[in-house]
Trainee: 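The structure's right below; bear with me while I get my questions together.
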Amino acid sequence: MNRPESLLSLNESGSLKENMPLFKILFLPDKKQVFVSEKENLLQAARVAKIPLKASCGGEGVCRTCQLKVKEGIVRIKPAEYQPASIKPPGKDGEKNSEKSGLNIAITSYVLACQTFPLSDLTIEIPEAARLTKLQIITDYRDDYPTDNRDDYPANDQDKDKNVLLTEDMGYSALNGEEIISDPFKKKYYGLAVDLGTTTVVAELLDLTKGVSLAVKGTYNQQLSYGEDVISRLVYAQENENGRPYLQEAIVDSVNALINELTISRQVSPFEIRAVVCAGNPTMTLLFLGLDPAGLRFEPYTAAVHNPPTIQAQKAGLKIYPRATVKFVPGIANYLGGDVIAGVVATGMAARDELTLFIDVGTNGEMVLGNKEWLVACSCSAGPAFEGSGLKHGVLAIPGAIDSFKITSNLEVKYTTIDRLPSRGICGSGLISCLAGLYRFGIIDRRGKFNLPPDHPRLHMVNGEKEFVLVWATDTGINEDITISESEINNLIRAKAAVFAGIRSLLQFLNLSLENIDHLILAGGFGRYLNLKEAVAIGMLPDLPPQKYRYAGNSALKGAKMILFSAEARKKTLEITRKMMYLDLSEGNTFTEEFLAALFIPHTNQNLFPSLKGG
Amino acid sequence: MALTGLEIFKQLPQTNCKDCAFPTCLAFAVALASGKVTPEKCPHLSASARAMLTTAFAPPMALIKIGPPGQELVIGNETVLFRHEKRFEHAPGLAVLIKDNLPVAEITTKISYLSSVVFKRLGENYGLDLLALENCSGEPANFKKMVAVAIEKSNLPLILMSENPEAMAAVLSMAAQRKPLIYSAQSTNYQEMTGLAQKYNLPLAVKGKGLDELAALVEKITALGHEQLVLDTGARETSQVLFEQTQLRRLALNRFKPFGYPTIAFALDKDPIQSVVKAGVFLIKYAGIVVLTSDHPADLLSLITLRLNIYSDPQKPMAVESKIYPVGNPGKDAPVVITTNFSLTYYCVANDFEASRIPGYIIPVDTDGASVLTSWAAGKLTAEKISEALQNSGIAERVTHRKVIIPGGVAMLSKRLTGLSGWEVLVGPRESSGIPSFLKREWVP
Amino acid sequence: MPVKVIRENWPGKVNTITLGIGSQAIKIGGEGAFPFLAFEGKLPYRPVVACEVWDEEPGDWPDLLTAPFAGVIDEPAAWAKKCLVYGADLICLRLVGAHPGAKNKSPQECARMAQKVYAAINIPLIVVGCGEDEKDAAVLPAVAEALAGKNCLLGWATAENYRPITTACNNYGHSLIASSPLDISLAKQLNILITETGFNPGSIIIDPLVGALGYGLEYAYSIMERLRLSALTGDKMLAMPVICFVGQETWKTKEATISDFECPSWGEQARRAILWELLTAVALTQAGGAIMVLRHPETVRHFLAHLTSFI
Ligand code: SF4
Ligand code: FES
């Protein structure tokens, strides 16, 4: 699925301008070089160069995450009102500029990649802050919840029992029968379980004949440079003529990159991969398949996701055995996809008597409540706050990400980072920790408003907004103050409120209360570094005894793996989709009311948090 | 005690066959628990489950219809004391009292006028529901004349008011097919009145002096086999009516059988304004029919509006109408701000906009009452929708510029919106609290 | 057949608040039952009426509304006195002129005005700012100081500006109006925030930002019923009495302002507008409102007459 070279001069609306001069764009420090016309902005140029950039707003010029530095050359900047403050008006520094009608010509300056077009050959420097890749994704989700209950969960996880050999039934299931029969002497069958996430893509290489896992790798979903959340991708797919193929290519490329890494690391031939099971949310599933996702947003909301087709690898663009089957875990609703179903399979909650609440806090907060008799699911858009985006100093859980804070009573801020590297930003668990700390020491009030004297040294006014300095520039690995602003705090409070309100709405729907929950399972990369106490202290997770909490790691991947390994799991998956009911939170007023009540630290109704009383 | 969804679920076949038009048995169970469906919608119930659920979900208050099919007023079936618990099911009927001691000409004009009153609100027409015709002259002949006029001049359902069974029998011989409400059976005449109601199969108002007598009377009438009843405790003083109406409703919800019917209350006062006030109180607090004496259009308009407010469904997302809302006295160069029609969103925007003291226009786009981000996610706030709202609202005639401010949360729509509408799009703040400073900073027409 | 009436036993009640001092003081709140259901709980004080007086002559009031104040409408102290004649229990002075977009009067100027009006009436005074959070945060502390010890009611404290206003009310012994839009959680949150600054929750009055008849009245109605229910079931952070700015909402509706001539089928404006304000107040009183802030003297008269029907 490589983009043919001729596409380089296509602009995004797809029209090929003949004879349009092409400019050479050199990206530093990557030293990658591409040719584009004056009709293509630098964000597009970076995509061509396969350098994924942050572009949270998908190139609308409003999020300011795509700032690059023009080192050499002349560019045209779209006359937009939303340029970052750091852009100097043309001519300010006495640098050469010419006036074309309505154009700003700027050189040697920070620009928004999505609003900037070449007028000459360019040398561009990509600051770390604008970059998505080069960062290692944490994939070893098998660590348990970092409290005392470290027992693995669920007990029937395949990983526990690495000696299980592939039974005939399993092989049959995974390879669709036909393959084994037609090629009975072949020794090696590998499979690939894939978690197609909105932000990250994780794949696990499996030896199907031995029933063991060989390696896991993760990477960013390259679609990130088309917008950070599902909705912006959907919009991109709809509003741009080649939107769908671009997005499809981005995600398929991401998986291929993983296949490449995995097979090299275990010295396996990609062509020995005979079966793939993907678990993704509905949008990712549709975009991977190149299908029209319009039905996800617009009535009548029909979508192929409820039972996505099985296709062959070559059709999917995966560089493995061409006729390998690529299956998708089915979903049940437009906002509840195979990733969650796979998670439910992995946790085994649908087989238990006790009441389990399963929460996957990602870009969307999806949750499933139930037991062996019934299952109800919902999805509340928590927003991407916990994945670090939408915040100036938010990052994914990368090495160097701040994952916890300790604020002392004299407002000194201490913190820890992942892998103890110099801090680069704050990841989801760090944000929760930050919010808990800011509140505990009265730096913010229960609504998240700063409550400090205006001349406090850690309080800055930036663009008319209060920001609190968490880490001084000199202590960071990025050489700028790491801050959090009032509106960012507001975003976090909304995100945590959405999660809690989702939980309450689900329970209320069935007339249950928090005490009825026997197990609460957290899934997703988010939970890995989470401090449970702090998540409860801000009112994101219910105030239940810690022994009720479990951490399931990347349950989507685990579920996909189980489905790949066992026909039994496949059968259960279908049962689960049949049994599960989807609760649309936008119907009625319950969610809205619960949400407003949760926009408070920890909650408007403090009786819901008995352990925090008096604190 | 009401059954919960899970308790009901245990009684269901759990096959998720979807024959009830719900995706799963659980969805059906919860819908049943909240009164959105009735048990028989599941064709696969076991006999015992059916019996159990049917009794559990029998409404605590009877449904009563007054008037000919197609034009009838439907009241009763109420299930709550406070509208926020669920909703008030059936708006009470408003009736105007007409006495038969007036000259016929006057009666005729009055009836014609009352039958023609129409007010338009939120795109719907509302008017009076009933005519209450009172035989206060005591003369059956007058009564008959008045009823004859009403039958001829009006399509409204009728309340026939006389304590005299003969007078009642006489008018019923010509009015029965209009399915009027017979007012009233009292301790002195209940046998005859019940007989009439049964003969013509009509609803019957029962009037007792106070709760005790009323309950006793109802038991006697139901023992005679008539179940279409409307209750009147006889009280006319505001505080007594309020007390008794509250008790009637509470006891009905407690399944005290004799009070399981809708009620009728009379708003009578020497002072015409005070009688409207009384009617307002009775509308809110639990009457199924409110009878007033005044026929002034302002009285009817305000009471009809009050009734619409209180009897709206609080479970529906709170939404405002999608149209132009001016803030202050905007001129031709005033800013135009887009938001969604979720009330809370709209009110926040309106408040913050007002606080800026910059006059302008707000256009809430119809998003079925969803907030900005929710509706964006659900595709209900799209460039198409905004463009449509700009066009249909007629804002183009109110301002000379072509600039529209959209919420910061949906910045991504700007390009497409410009393309569709031809309006220049300014991306406003994400939070409504940012509106004043945004307008001060950025607004130049 | 004796019917066993249902009597709820409510564990909680609404806070009682005293406004004003000495013999002129007024008490509100204290209810231990739903409005007018005295058979199951104490309802010690009747709802009260406050009349609105502006520090600036209102530019956009219809003639119907300015006529009763002819000659005094540009003289707040005299206007306030006139309201007493019309039966007001208290006066609500509104500092419209403080708004930065209007006259942008200084906090001191506003404070002097409040003092002057208070001196003229000597009954409990409500003072509300111009509605712009930031300006109110500057104006109300000055007013609080000028009226020190007079036990007035000041507003509006919102989630944005509650700190300085709370501090001032605390220091100078006033009650305050906590105002949040149409949601019970938002109201409770603000009460908690205010209380956590050390303010006595017994001196808070809730303003749920009511809507007029036909304009969202039902939202406020249900929120107020829920507030009362919360108070009666013992939620201390929702046990505050409620103030309803009825006049302000009513007199921007079409129904109250449009003339007979423009819409004859709606009946005379004089009757229609009064009914609009009156029914809004009556409905909100049924939902548990304690202070009705009204504008037209006729409304005041009818409203007070209506209340006597419960005695
Ligand atoms: S019809 Fe009955 S059995 Fe079938 S899904 Fe509905 S409730 Fe379940
Ligand atoms: S500003 Fe958002 S991508 Fe460029």
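First the proteins, then the strands, lettered A, B, ... as listed; each starts at 1.
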Trainee: Counting only heavy atoms from other residues, nucleotides and ligands, does the tally under 6.0 Å from NZ of B:Lys86 exceed 12?
Mentor: yes
Trainee: Would you indicate whether the side-chain heavy atoms of B:Ile284 and C:Tyr221 approach each other to under 4.5 Å?
Mentor: yes
Trainee: What part of B:Lys278 is in contact with chain C, defined as an atom under 4.5 angstrom from a non-hydrogen atom: side chain, backbone, both or neither?
Mentor: neither
Trainee: How long is the gap from CD1 on B:Ile273 to OG1 on C:Thr299, to the nearest 0.5 Å?
Mentor: 9.5 Å
Trainee: So, taking the atom named CD in C:Glu218 and the one named CZ in B:Arg307, what distance separates them when rounded to the nearest 0.5 Å?
Mentor: 14.0 Å
Trainee: Check whether C:Arg271 reaches the backbone of B:His296 with its side chain - one donor and one acceptor, N or O, closer than 3.5 Å.
Mentor: no
Trainee: Among the options B:Asp299, B:Asp271, B:Val276, B:Leu306, pick out the one with the most heavy-atom pairs lying under 4.5 Å from chain C.
Mentor: B:Asp299
Trainee: What pairs with B:Phe82 under ring pair (Phe, Tyr, Trp, His ring centres under 6.0 Å), at least two apart in sequence or on another chain?
Mentor: B:His84, C:Phe34
Trainee: Using a 6.0 Å cut-off, check whether atom CG of C:Asp63 has over 12 heavy atoms from anything other than its own residue.
Mentor: no
Trainee: Just checking C:Lys42: does its NZ atom have more than 12 heavy atoms from other residues, nucleotides or ligands closer to it than 6.0 angstrom?
Mentor: no
Trainee: So which of C:His306, C:Arg272, C:Lys4, C:Glu132 has the biggest tally of heavy-atom pairs under 4.5 Å with chain B?
Mentor: C:His306
Trainee: One pair to check against side-chain contact (heavy atoms from CB on, under 4.5 Å): C:Leu275 and B:Leu303. What are the steps and the verdict?
Mentor: CA-CA 9 Å; C:Leu275 275 175; B:Leu303 287 171; over 6 Å; no
Trainee: Can you tell if the side chain of C:Trp276 reaches within under 4.5 Å of the side chain of B:Leu301, non-hydrogen atoms only?
Mentor: yes
Trainee: Need one label for C:Phe310: side chain, backbone, both or neither, based on atoms under 4.5 Å from any heavy atom in chain B.
Mentor: both
Trainee: Please flag which part of B:Tyr311 lies under 4.5 Å from any non-hydrogen atom of chain C: side chain, backbone, both or neither.
Mentor: neither
Trainee: Given heavy-atom pairs under 4.5 angstrom as the criterion, report whether the side chain, backbone, both or neither of C:Ile6 touches chain B.
Mentor: both
Trainee: Testing the basics here: between B:Asp212 and C:Val3, what is the closest heavy-atom pair and its distance to 0.1 Å?
Mentor: OD1-N, 2.9 Å
Trainee: Can you tell which part of C:Gln269 gets under 4.5 Å to a heavy atom of chain B, answering side chain, backbone, both or neither?
Mentor: neither
Trainee: What part of C:Glu160 gets within 4.5 angstrom of chain B, counting heavy atoms only: side chain, backbone, both, or neither?
Mentor: neither
Trainee: Under a 4.5 Å heavy-atom cut-off, does chain B meet the side chain of C:Glu40, its backbone, both or neither?
Mentor: side chain
Trainee: Less than 4.5 Å to any heavy atom of chain B: does that hold for the side chain of C:Ala38, its backbone, both, or neither?
Mentor: neither
Trainee: Is any side-chain heavy atom of C:Val5 less than 4.5 Å from a side-chain heavy atom of B:Phe243?
Mentor: yes
Trainee: With only heavy atoms counted, which part of B:Gln247 is less than 4.5 Å from chain C, the side chain, the backbone, both or neither?
Mentor: side chain
Trainee: Picking from B:Val118, B:Leu251, B:Leu283, which has the most non-hydrogen pairs under 4.5 angstrom with chain C?
Mentor: B:Leu251
Trainee: Given a strict heavy-atom distance threshold of 4.5 Å, which part of B:Lys440 is in contact with chain C: side chain, backbone, both, or neither?
Mentor: side chain
Trainee: Please identify, among C:Cys130, C:Pro100, C:Ser222, the residue contributing the most non-hydrogen atom pairs under 4.5 Å to chain B.
Mentor: C:Ser222
Trainee: Heavy atoms only, distances under 4.5 angstrom: which of B:Ser302, B:Ser312, B:Pro272 has the most pairs with chain C? Name it, please.
Mentor: B:Ser302
Trainee: Is atom CD of C:Glu8 surrounded by more than 12 heavy atoms (other residues, nucleotides or ligands) closer than 6.0 Å?
Mentor: yes
Trainee: Roughly how far apart are B:Asn309 CG and C:Leu213 CG, rounded to 0.5 Å?
Mentor: 5.5 Å
Trainee: Side chain, backbone, both or neither: which part of C:Leu209 has a heavy atom under 4.5 Å from chain B?
Mentor: side chain
Trainee: Answer whether the closest heavy-atom distance between the side chains of B:Thr246 and C:Leu37 falls below 4.5 Å.
Mentor: yes
Trainee: Is it true that, when you exclude C:Glu134 itself, more than 12 heavy atoms of the residues, nucleotides or ligands shown sit nearer than 6.0 Å to its CD?
Mentor: no
Trainee: Quick check: are there more than 12 heavy atoms from other residues, nucleotides or ligands sitting under 6.0 Å from NZ of B:Lys209?
Mentor: no
Trainee: Please output the residues of residues 324-331 of chain B in contact with chain C, using a heavy-atom cutoff of under 4.5 Å, in numerical order.
Mentor: none
Trainee: With a 4.5 angstrom heavy-atom cut-off, is it the side chain or the backbone of C:Val282 that approaches chain B, or both, or neither?
Mentor: side chain
Trainee: Given that the side chain runs from C-beta out, which part of C:Leu229 has a heavy atom under 4.5 Å from chain B: side chain, backbone, both or neither?
Mentor: side chain
Trainee: Is there a donor-acceptor contact under 3.5 Å from the side chain of B:Gln274 to the main chain of C:His302?
Mentor: yes
Trainee: Which atoms of C:Ser265 come close to chain B, meaning under 4.5 Å heavy atom to heavy atom: side chain ones, backbone ones, both, or neither?
Mentor: backbone
